[in-house]
Amino acid sequence: MSDKSTPGPVRVRYAPSPTGDPHVGNLRTALLNWVFARHAGGQFIVRIEDTDRERMVDGAEGRILEALEWLGLDWDEGPGVGGPHAPYVQSERKELGKYADAAQILIDNGHAYECTCTPERLEQLRERQRAEKKPTGYDSYCRNKSHEEREADKSQGLSAVVRFKVPLEGEVVFNDRLRGPVSFDPSLLQDFVILKSDGFPTYHLAHIVDDHEMEITHVLRSEEWISSTPRHVMMYEGFGWEPPVFVHLSILLGPDRGKLSKRHGATALLDYRDQGYLADTLFNFLALLGWSPGDDDEVMSRAEIVEKFSLDGLNAAPSIFDLTKLQWMNGVYLRKLPVDALAGMLAPALEAPDGLPAEISRPIDRDYLASLVPLVHERLKVIDHEEVADMLGFFFQAEIEVDPAELVQKGMDEATTASALKSAAAVIESAEPYEPDALEERFRALCAELELKPGQLFGALRVALTARRVAPPLFDTMVAIGRERSAERVRSAAALLSAAGTRD
RNA sequence: GCCCCGUUGGUGCAGCGGCCCAGCACGCCAGCCUUUCAAGCUGGAGAUCACGGGUUCGAAUCCCGUACGGGGUACCA
């Protein structure tokens, strides 16, 4: 609880914009907020920041909430659950006049003004500044207009925005909980827009008004907001409000140290779900990007992460999203999964169009599948449709296609292999009981009898039964395939070799 | 251009002035186990702690500069 640097309960928020598919980096921010809230026994609030009407994407809000739910990040206030500060969608709050009222307060107390400069004028201004190699930015043209001038502009039909009046001198300092004091020279900042001409607030105004009203105590957000924070601090001062504690989290980078983007693979969180990663994996993995518990534990449950979380464990350096490690971790979680749960995940993957071959009828036999799970359990990293179908296909197929060349093991030829397989088929047909241990005993005896190494006989059998060199343990496989089908496969493999032999 | 943030093996992290000629994990290599693969176990390679100056009896750890990376510089968030 030492993280509570303000009195009262911790209240944090995740405030996404519905402008696209929720990005892993974005959800990582949400996750850290959630973990912090849960650790401190505070509240986690979700607020939709849909103030940019141009960039809105249909369905994005739904997918954001879906991603949060998938990760297990439940919110105490926000869309769907309501709360004392409802609504939690900024476009709805705008209808209530929250932002226009706030902007008016700033105008009234001299911290903001209306500006009627046209986009054309601003563009020309920027062009000129670029040509003169000067920093681009608004020149405060409307800042000192009189009331009369403004009214005249507006009566001419010029639409107005509201700009914040940035102090001409002094220094803006804020204390970042992670990075320490950060100071800015406000004269480098321009009078920025807080209320757009369409009546919507910009992010700067909207989030401050809402954070204040919703009594947010800590703002954990991505590093790219550092440069905007001085504006926010000035606005808090303009309103006479107490700012929250700022924590600027490191950003996520791709393996080439560039910003994590599509060319590095999936960037949308839900893509990982669809590719066969577990929510527990992503939760654990994301938590460790830019945070560490201070000890050497890496595989941790949600509860452990919540318990161990501390803002002091955050790292300001950017984190690289390492897919290889994610895969390893998913394997760890997959191995922890109970058999029936894993079977439940495997079934849809196998039944998918890119799963088992089309000729295999669906739905597949769940009980049979469940019996196969122990054979592949510790061999899985990701529930990838094709990979899983490849790994388990021969159990479901009526017939398999064996490559004769694969059957012949080191130190053997076609003839010896064919006769060994025939002997093996006889063992399969007669072995009692038809169980893995008993079968192994019988086949080891057969090895001795035929003067073959176990690797030779077993290798040939593996290919005969599965058409693969790499497969689950042999005798378990034999039992799972069944006595009759196994014998049949081994006999036809032998026949394959004899046929080839006579042809040569 | 200007402003801001960052920089520990290939990767993720630990380290918060002496316990560190740097620890853990992933990956890689080898061995063991073994019917293949995987898992597991054991061992190994891999870092002049970006570079250069300071401060200090002592620095990966504090300060300054440089380089590199990233972010910002919008009526986007």
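Each chain gets a letter, A, B and so on, in the order the sequences are listed, and its residues count up from 1. What you see is a predicted model, and the numbers here were worked out from it, not measured in a lab.
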- [ ] Give A:Val161 one of three labels, base, sugar-phosphate or nothing, depending on what nucleic acid heavy atoms sit under 4.0 Å from its own.
- [x] base
Task: hbond_proxy A:Thr324 side chain to B:rG27 base (donor-acceptor, 3.5 Å cutoff) - done: no
Open item on the list: Need to verify one output field. Residue with the more 5' nearest nucleotide on RNA chain B, A:Ser319 or A:Glu54?
Closed with: A:Ser319
Task: A:His232 NE2 - B:rG72 P separation (whole Å) - done: 13 Å
TODO: Please state how far atom CZ in A:Arg55 lies from atom C1' in B:rC75, giving the value in whole angstrom units.
DONE: 13 Å
- [ ] May I ask which nucleotide in the shown strands pairs with B:rC16, Watson-Crick or G-U wobble, both distances under 3.5 Å?
- [x] none
- [ ] Return the value, rounded to whole Å, for the distance between atom CG of A:Asn175 and atom C1' of B:rC5.
- [x] 15 Å
TODO: Using both distances under 3.5 Å as the test, list the Watson-Crick or G-U wobble partner of B:rU56, or none.
DONE: none
- [ ] Hey, can you tell me if A:His232 and A:His207 have their rings parallel, tilted or perpendicular (30° and 60° cut-offs)?
- [x] perpendicular
Task: Nearest-angstrom distance from the residue atom CZ of A:Arg179 to P of B:rC5 - done: 9 Å
- [ ] Searching all strands shown, indicate the nucleotide that pairs with B:rG9 (Watson-Crick or G-U wobble; both distances under 3.5 Å).
- [x] none
TODO: Tell me what A:Gly313 touches on the nucleic acid: a base, only sugar-phosphate, or nothing, going by heavy atoms under 4.0 Å.
DONE: sugar-phosphate
- [ ] Mark yes or no for whether A:Gln409, through its side chain, and A:Glu406, through its backbone, hold a donor-acceptor pair below 3.5 Å.
- [x] yes
Open item on the list: Please name the nucleotide paired to B:rA47 by Watson-Crick or G-U wobble geometry with both distances under 3.5 Å, or report none.
Closed with: none
TODO: Report the distance from atom CE of A:Met300 to atom P of B:rC13, rounded to the nearest whole Å.
DONE: 12 Å
Task: C1'-based separation of B:rU55 from B:rC41 [nearest Å] - done: 48 Å
TODO: Considering only atom P, compute the distance from B:rC21 to B:rC37 and round it to an integer number of Å.
DONE: 41 Å
Open item on the list: Taking A:Asp384 first and then A:Lys381, would you say they form a salt bridge - that is, a charged N and a carboxylate O separated by under 4.0 Å?
Closed with: no
Open item on the list: What's the gap between B:rC24 and B:rU35 when it is taken at their P atoms, as a whole Å value?
Closed with: 33 Å
Any N/O pairs under 3.5 Å between the protein and nucleotides 36-39 of chain B? List them or say none.
residue, atom, partner, partner atom, Å
B:rU36, O4', A:Arg462, NH1, 3.3
B:rU36, O2, A:Ala471, N, 3.0
B:rU36, O2, A:Ala471, O, 2.9
B:rU36, N3, A:Ala471, O, 2.6
B:rU36, O4, A:Pro473, N, 3.3
B:rC37, O2, A:Arg379, NH1, 2.5
B:rC37, N3, A:Arg379, NH1, 2.2
B:rA38, O2', A:Glu378, O, 2.4
B:rA38, N1, A:Glu378, OE2, 3.0
B:rA38, N3, A:Glu378, OE2, 2.7
B:rA39, O3', A:Arg335, NH1, 3.4

Open item on the list: Using a 4.0 Å heavy-atom cut-off, does A:Thr19 contact any base of the nucleic acid, only the sugar-phosphate backbone, or nothing at all?
Closed with: nothing
Open item on the list: Any side-chain N or O of A:Lys196 below 4.0 angstrom from OP1/OP2 of B:rA74?
Closed with: no
Task: Geometric cation-pi criterion, A:Arg231 with A:Phe164: 6.0 Å, 45° - done: no
Which pairs, protein N/O on one side and nucleotides 30-34 of chain B N/O on the other, fall under 3.5 Å?
none

- [ ] Would you confirm whether A:His23, through its side chain, and A:Ala268, through its main-chain N or O, come within 3.5 Å as a donor-acceptor pair?
- [x] no
- [ ] Let me know, please, whether A:Gly290 or A:His204 comes out on the 5' side of the other along RNA chain B by nearest nucleotide.
- [x] A:Gly290
Open item on the list: Without decimals, in angstroms, what is the distance between A:Lys94 NZ and B:rA77 P?
Closed with: 14 Å
Open item on the list: Counting the atoms with a prime plus P, OP1 and OP2 as sugar-phosphate, which does A:Glu49 contact under 4.0 Å by heavy atoms, base, sugar-phosphate, or nothing?
Closed with: sugar-phosphate
Open item on the list: Students often get this wrong, so: under 4.0 angstrom with heavy atoms, is A:Phe184 touching a base, only sugar-phosphate, or nothing?
Closed with: sugar-phosphate
- [ ] Classify the nucleic acid contact of A:Asp185 as base, sugar-phosphate or nothing, counting any heavy atom under 4.0 Å across all strands shown.
- [x] nothing
Task: Complement of B:rC41, any strand, by Watson-Crick or G-U distances under 3.5 angstrom - done: B:rG31
Open item on the list: Any strand counts, and the cut-off is 3.5 Å on both contacts for Watson-Crick or G-U wobble. Which nucleotide pairs with B:rC21?
Closed with: none
Task: Length of the line joining A:Ile194:CD1 and B:rA74:P, which is rounded to integer Å - done: 17 Å
TODO: Would you indicate what A:Ser228 reaches in the nucleic acid, counting non-hydrogen atoms under 4.0 angstrom: base, sugar-phosphate, or nothing?
DONE: base
Task: Candidate list A:Phe283, A:Phe285, A:Phe321, test ring pair (Phe, Tyr, Trp, His ring centres under 6.0 Å), partner A:Tyr272, passing option - done: A:Phe321
TODO: Would you classify A:Pro119 as touching base, sugar-phosphate or nothing, given that sugar-phosphate means primed atoms plus P, OP1 and OP2, and contacts are heavy atoms under 4.0 Å?
DONE: base
Task: Test applied, side-chain contact (heavy atoms from CB on, under 4.5 Å); reference residue, A:Val247; option that passes from A:Val12, A:Leu32, A:Leu314, A:Asn33 - done: A:Leu314
Task: Counterpart base for B:rU36, defined by Watson-Crick or G-U wobble contacts under 3.5 Å - done: none
Open item on the list: Taking the ring centre of each residue, are A:Trp225 and A:Tyr203 less than 6.0 Å apart?
Closed with: yes
TODO: Calculate the interatomic distance between A:Arg231 atom CZ and B:rC3 atom P; express it in whole Å.
DONE: 15 Å
